[in-house]
Every structure is written in C-alpha cells, then in structure tokens.
A.B. asks: 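Have a look at this one before I ask anything.
Start at 1 with the first residue, then count along the sequence.
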Amino acid sequence: MKERDMQGQGVKNRSMKGQSMKDLEMKRRFGWLSRKMAVRSLICVAGGILFYFAAELSGASQEGVESGILKRNRQGGGDLGYEFLVDGLEEQEVLASVLVPEQKLSKEQLKASLPKIMETLCREIKGENPSLLEVRSDLEFPAELPEYGLSLSWESQEPELISHLGVLSEERPDTAKEVLIRVTLTNGLAAEEAEIPITVLPLESTVSSRFLEFLSGLAQQKEEKADVRLPETFEGRRLSYRSLDSSGNEILLFMGPLAAAVLVLKDKNDEKLRRKKWEDGLLADYPDLVSGFLVLTGAGYPVRQAWKKQVQDYKRAPKKGYHPVYEEMEITLNQMETGMPEVRAYGEFGKRTGLRCYVRLVSLLESGVSMGGREMRRHLETEMENAFSQRKDLAMRKGEEAATKLLLPMFFMLGVVMVMVAAPAFLTFG
C-alpha cells in the first residue's frame with residue numbers, strides 16, 4: 001500500500017511539473033505583454049502630467065509674507081503680485097492684494113551700467129544685418145530692455161532715410177551713408193541719453209526682398225475688395241503658404257494619455273499579428289507533419305518514436321522559415337520525457353495549438369497509442385489528403401488578402417491621376 005501511494009505521488013509530481021512547464025511557456029510567449037503595457041502606460045501618463053505642471057509652475061514660486069517682508073523682483077523680473085490675509089485690522093481677517101513693482105536702477109547705477117547696456121542694444125537692434133556698419137534692412141528698435149527694467153525711446157537724425165521705428169526708406173542712397181540714432185533710457189527714477197552711429201548701404205536686391213515689396217504693393221491695391229489673393233507663383237517659382245502654429249502647455253497634459261492609448265493599441269495589434277502568424281505557421285506545417293507521421297508509422301515506428309524523430313530532424317536541419325509546430329512538439333516531447341503520460345501530453349499539445357486539424361491529429365495519435373496502429377494508417381492517409389486541400393485553401397486566402405491590401409495604393413494612384421488631369425483645367429479658368 002505504501003509503495004502504491006509513493007508511485008501515485010510520483011505521478012502527481014510529474015504531472016504538476018509538466019503543468020508548470022506549460023504555464024511557464026505560455027507566460028514566456030504572451031504573459032509579458034500585459035505587464036509591459038501597464039508600465040509603459042503609467043510612464044506616458046505620468047510624463048504628460050509632469051511636463052504640464054513643470055511648464056505651468058516654472059518660475060511661479062513666491063516666498064511667504066509671514067516675516068512681514070514683500071520682496072521685489074530684480075530688474076527684468078517684472079512686477080510681483082501678492083495675495084495674503086491681514087489679521088488685527090478688524091474682527092475678521094482682511095484679504096490684501098498688492099502689486100510690488102520690480103527693482104529699479106538708481107541714476108548712479110544706470111550711468112555705471114551704460115557701456116554694458118549700449119553693447120547689448122547694439123547687438124539687438126541690428127536685426128538681420130551683419131552689423132550696424134552694414135545696414136541694408138530694417139533695424140529693430142525695442143521699446144524696453146527687460147533685463148535692466150528700462151523703457152526706451154528712439155529718435156533718428158534723418159527720419160526720411162530711417163524712421164524712429166527703425167524702418168528703412170525704399171529710396172536708398174547710392175553710396176554708404178552714416179546716420180546717428182539717439183536713444184533715451186529711463187526707468188522712472190533715472191534717465192540717460194546715448195547716440196548710436198549706423199551706416200546705411202545701398203539696397204541689395206534679393207528674391208525675398210522683391211517678393212516682400214511686391215506683396216506690400218499687392219495689399220494696397222483694390223482696397224474695396226474683402227480679401228487679398230496671394231500669388232501662386234513669383235518670378236517662375238511656385239509658392240505655398242502656411243500659418244504660424246501656436247500651442248499652449250495644455251497639450252502636454254493630453255499627450256501622455258494619448259501616447260499610452262496608442263501604445264496599448266499597438267501592443268494589442270502586435271499580439272494579434274503574432275498570434276495570426278503563429279497559427280498560419282501551424283497550418284502551413286500541418287500537411288508535412290501528417291505526411292511524416294504516415295511515413296514513419298508505416299516504417300514501423302511507434303507514435304512516440306515518430307514524434308521524437310520529427311523533432312530531432314527539425315533540430316538538426318538548418319533553420320529555414322518559421323515553423324512553430326516543431327517548437328510545440330519539442331515542448332510535448334520534454335513533458336513526456338519528464339514523466340507525463342503520452343496520451344495526456346498529446347492532449348495538452350492539441351489544447352495549446354487550438355486548431356481543429358491538430359485536434360483531429362491528436363485524436364488519431366491517441367487512438368493509435370491506445371488501440372494499436374492498424375486503423376491509424378488509413379485515417380492518416382485520409383487526413384493527409386484533407387491537409388493538402390487545406391494548404392491549397394490557405395494559399396488562395398493569402399492571395400485574396402494580398403489583393404485587398406493593394407486596393408488602397410490603387411485608389412491613391414487613381415486620385416493622383418485625377419488631380420493631374422483636373423489641375424490644368426482649374427488653373428486655366430482660375
């Protein structure tokens with residue numbers, strides 16, 4: 001009795017081992033997807049929220065007012081608003097709101113900083129010109145210098161050549177001409193004046209300048225009309241236009257969840273494609289597998305040895321193409337060699353594949369093991385005929401799928417041809 005119990009326990013342990021191997025194999029194939037999808041989704045959502053709040057809150061921190069001190073921003077930092085509660089004025093706390101102007105330079109500080117300020121100004125006002133000694137396009141006169149908290153006013157010595165706004169006249173001198181620009185810097189406490197010499201050069205004609213000049217004249221024409229039609233070509237060049245895009249920080253908040261959703265859909269689609277490829281590989285290998293069993297069992301091999309023989313031949317042969325059925329057969333062979341009953345191992349193989357043709361094959365093999373191989377050969381011959389017919393149907397289905405995938409490029413090409421045919425007519429009547 002004790003020996004029988006030990007044998008039963010051994011069979012149970014071997015069965016559990018075979019089952020655990022199956023679970024590990026399924027986890028290895030498909031189990032990592034859900035874990036990976038969850039981690040990537042969380043990272044995307046957290047990243048979107050983090051970028052949003054970082055963009056919204058950067059530089060917006062304030063110190064508290066508990067110490068009784070309201071700090072000013074340094075020059076260029078802008079005015080600083082405070083909201084706080086005041087206790088002691090009345091029975092209830094009073095809400096106070098105050099705007100503290102930024103710190104300003106004194107007259108002595110402004111005078112001491114003037115050389116550095118003028119160096120900055122000369123660098124900023126040149127615009128697209130290489131330097132202030134080679135001025136061919138408009139200058140950029142800023143109204144303020146935020147980093148110093150200064151307001152600026154400009155005056156040109158020759159406004160007929162260059163205006164107080166830095167705009168050059170369309171009529172340029174024939175030779176280089178020097179013009180003085182006077183700038184007044186003030187911050188409410190102090191003021192300073194300085195002069196900047198510039199050299200205006202004769203106008204250099206470019207395609208861009210000619211187009212901008214043409215565009216300016218076009219906008220002044222036919223002012224009674226509701227719109228201005230931009231040209232499609234200029235000097236033989238075909239033109240296209242697009243608006244300046246603007247985006248806010250709020251888009252960052254939605255990019256994380258959107259990316260997570262896209263990744264989830266992509267992983268699900270990849271899993272579906274892998275599963276389809278796996279099943280197509282099983283169906284493509286089925287006729288050869290049945291043919292192999294028919295030959296080996298006819299040569300006197302038992303079912304288990306025929307199974308092992310096909311797995312070994314596959315492992316020794318050079319790998320060509322995708323053949324998942326032999327990988328699954330190797331798992332089943334390992335299960336049988338670790339103690340799982342042969343009939344049960346075949347049944348597990350049929351469950352893993354999940355295809356009707358393999359379920360039929362497993363049924364034939366199980367009957368061959370249990371009842372002998374007298375009738376199995378006749379059934380295998382019939383199954384082989386069905387298998388090759390099934391392979392023919394699979395090839396036809398693949399051809400139909402390929403033809404369907406070609407429809408979209410064909411429609412696209414048809415649309416391109418229609419545009420090419422219709423475009424000259426529209427251009428002619430336009």
A.B. asks: Return the minimal non-hydrogen interatomic distance between Leu201 and Glu134, and the atom names on each side.
C.D. replies: CD1-CA, 3.6 Å
A.B. asks: How many angstroms lie between atom CG of Leu218 and atom CG of Leu212, to the nearest 0.5 angstrom?
C.D. replies: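 So the gap between those two atoms works out to 12.5 Å.
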A.B. asks: So does Glu330 get a backbone contact from the side chain of Asn334, meaning a donor-acceptor N/O pair under 3.5 Å?
C.D. replies: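 Such a contact is found between Asn334 side chain and Glu330 backbone.
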A.B. asks: Does Arg316 CZ have over 12 foreign heavy atoms under 6.0 Å away?
C.D. replies: yes
A.B. asks: Would one find more than 12 heavy atoms of other residues, nucleotides or ligands at under 6.0 Å from atom CD of Glu235?
C.D. replies: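 Correct, the count exceeds 12.
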A.B. asks: Decide yes or no for Val362 and Phe349: does some side-chain heavy atom of the first lie under 4.5 Å from some side-chain heavy atom of the second?
C.D. replies: yes
A.B. asks: Do the side chains of Lys315 and Gln312 get nearer than 4.5 Å, heavy atoms only?
C.D. replies: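 In short, these two side chains do not touch, never coming nearer than 4.5 Å.
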A.B. asks: Might you point out which heavy atoms bring Phe234 and Val207 nearest each other, and give the distance in Å?
C.D. replies: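 Shortest heavy-atom contact: CE2-O, 3.9 Å.
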A.B. asks: Sorted by first residue and then second, give each salt bridge (Lys or Arg N to Asp or Glu O under 4.0 Å) pair with at least one member in residues 407-416; sequence neighbours left out.
C.D. replies: none
A.B. asks: Using a strict threshold of under 4.0 Å (side-chain N to carboxylate O), is an ion pair present between Arg275 and Glu271?
C.D. replies: no
A.B. asks: Quick check: closest heavy atoms across Ala345 and Met336, and the distance to 0.1 Å?
C.D. replies: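 Distance-wise, the nearest heavy atoms are CB-CG, 3.3 Å.
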A.B. asks: What I'd like to find out is whether the side chain of Val303 reaches to under 4.5 Å of the side chain of Glu342, using heavy atoms alone.
C.D. replies: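 The answer is yes, as the side chains (C-beta and beyond) meet within the 4.5 Å cut-off.
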A.B. asks: Is a salt bridge present between Lys308 and Glu337, judged by a nitrogen-to-oxygen distance below 4.0 Å?
C.D. replies: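 The answer is yes: the pair qualifies as a salt bridge.
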A.B. asks: Between Leu185 and Leu114, is any pair of side-chain heavy atoms under 4.5 Å apart?
C.D. replies: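 Sidechains of Leu114 and Leu185: in contact.
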A.B. asks: Would you compute the distance between atom CG of Leu121 and atom OH of Tyr148 and round it to the nearest 0.5 angstrom?
C.D. replies: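 It is 9.0 Å, given to the nearest 0.5 Å.
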A.B. asks: Please lay out, stage by stage, how Tyr301 and Gln310 fare under the test side chain to side chain donor-acceptor pair (under 3.5 Å).
C.D. replies: CA-CA 11 Å; Tyr301 279 75; Gln310 294 202 73; over 6 Å; no
A.B. asks: Between Ile198 and Leu139, is any pair of side-chain heavy atoms under 4.5 Å apart?
C.D. replies: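 Touching, per the 4.5 Å side-chain cut-off.
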A.B. asks: Would you name the heavy atoms of Leu294 and Thr297 that are closest together and state the gap between them?
C.D. replies: O-OG1, 3.4 Å
A.B. asks: Does atom CD (Glu124) have a neighbourhood of more than 12 heavy atoms from anything else shown, all under 6.0 Å?
C.D. replies: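 Correct, the count exceeds 12.
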A.B. asks: About how many Å separate CD1 of Ile49 and SG of Cys44, when rounded to the nearest 0.5 Å?
C.D. replies: 11.5 Å
A.B. asks: Give, for atom CD1 of Ile181 and atom NE2 of His164, the distance between the pair rounded to the nearest 0.5 Å.
C.D. replies: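 Here the interatomic distance stands at 9.0 Å.
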A.B. asks: Closest approach of Trp278 and Pro324, non-hydrogen atoms and distance?
C.D. replies: CD1-CB, 3.3 Å
A.B. asks: Please report the shortest heavy-atom distance between Leu283 and Cys357, naming the atom on each side.
C.D. replies: CD2-SG, 3.9 Å
A.B. asks: Is there a side-chain contact between Leu132 and Cys122 (heavy atoms, below 4.5 Å)?
C.D. replies: yes
A.B. asks: When you check the side-chain N and O atoms of Glu383 and Tyr286, is any donor under 3.5 Å from an acceptor?
C.D. replies: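 Note: Glu383 and Tyr286 side chains meet the donor-acceptor criterion.
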A.B. asks: Could you go through the salt bridge (Lys or Arg N to Asp or Glu O under 4.0 Å) check for Arg136 and Glu128 one step at a time?
C.D. replies: CA-CA 9 Å; Arg136 282 194 174 91; Glu128 297 180 357; over 6 Å; no
A.B. asks: Check whether any side-chain N or O of Ser113 sits under 3.5 Å from a backbone N or O of Gln109 as a donor-acceptor pair, and report yes or no.
C.D. replies: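 Such a contact is found between Ser113 side chain and Gln109 backbone.
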A.B. asks: Please report the C-alpha distance between Arg123 and Thr120 in whole Å, then the side-chain angles of each, then the deciding distance to 0.1 Å, and finally whether the side-chain contact (heavy atoms from CB on, under 4.5 Å) criterion is met.
C.D. replies: CA-CA 5 Å; Arg123 192 166 55 247; Thr120 303; 3.7 Å; yes
A.B. asks: About how many Å separate CG of Leu239 and OG1 of Thr233, when rounded to the nearest 0.5 Å?
C.D. replies: 6.5 Å
A.B. asks: Using only atom types and a distance under 3.5 Å, with no angle test, would you say the side chain of Asn129 pairs donor to acceptor with the backbone of Lys126?
C.D. replies: yes
A.B. asks: Can you confirm whether Val359 sits close enough to Lys351 that some side-chain heavy atom of one is under 4.5 Å from a side-chain heavy atom of the other?
C.D. replies: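 SC-SC contact between Val359 and Lys351 ruled out.
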A.B. asks: Do the two ring centres, one from Trp307 and one from Tyr346, sit under 6.0 Å apart?
C.D. replies: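 Ring-ring flag for Trp307/Tyr346: true, centres closer than 6.0 Å.
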A.B. asks: Between Tyr314 and Met329, is the side-chain contact (heavy atoms from CB on, under 4.5 Å) condition met? List the steps.
C.D. replies: CA-CA 10 Å; Tyr314 169 75; Met329 290 177 67; over 6 Å; no
A.B. asks: Say you draw a straight line from CE of Met340 to OG1 of Thr332; how long is it, rounded to the nearest 0.5 Å?
C.D. replies: 8.5 Å
A.B. asks: Given the rule in the side-chain contact (heavy atoms from CB on, under 4.5 Å) test, do Asp138 and Leu165 qualify, once you have shown the distances and angles that lead to the verdict?
C.D. replies: CA-CA 9 Å; Asp138 295 342; Leu165 300 177; over 6 Å; no
A.B. asks: Could you tell me if the side chain of Ser131 sits less than 4.5 Å from the side chain of Leu133, heavy atoms only?
C.D. replies: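 Yes. Closest side-chain heavy atoms under 4.5 Å.
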A.B. asks: For the pair Leu110 and Ile117, evaluate side-chain contact (heavy atoms from CB on, under 4.5 Å) and give the outcome as yes or no after the intermediate values.
C.D. replies: CA-CA 9 Å; Leu110 179 57; Ile117 294 173; 3.9 Å; yes
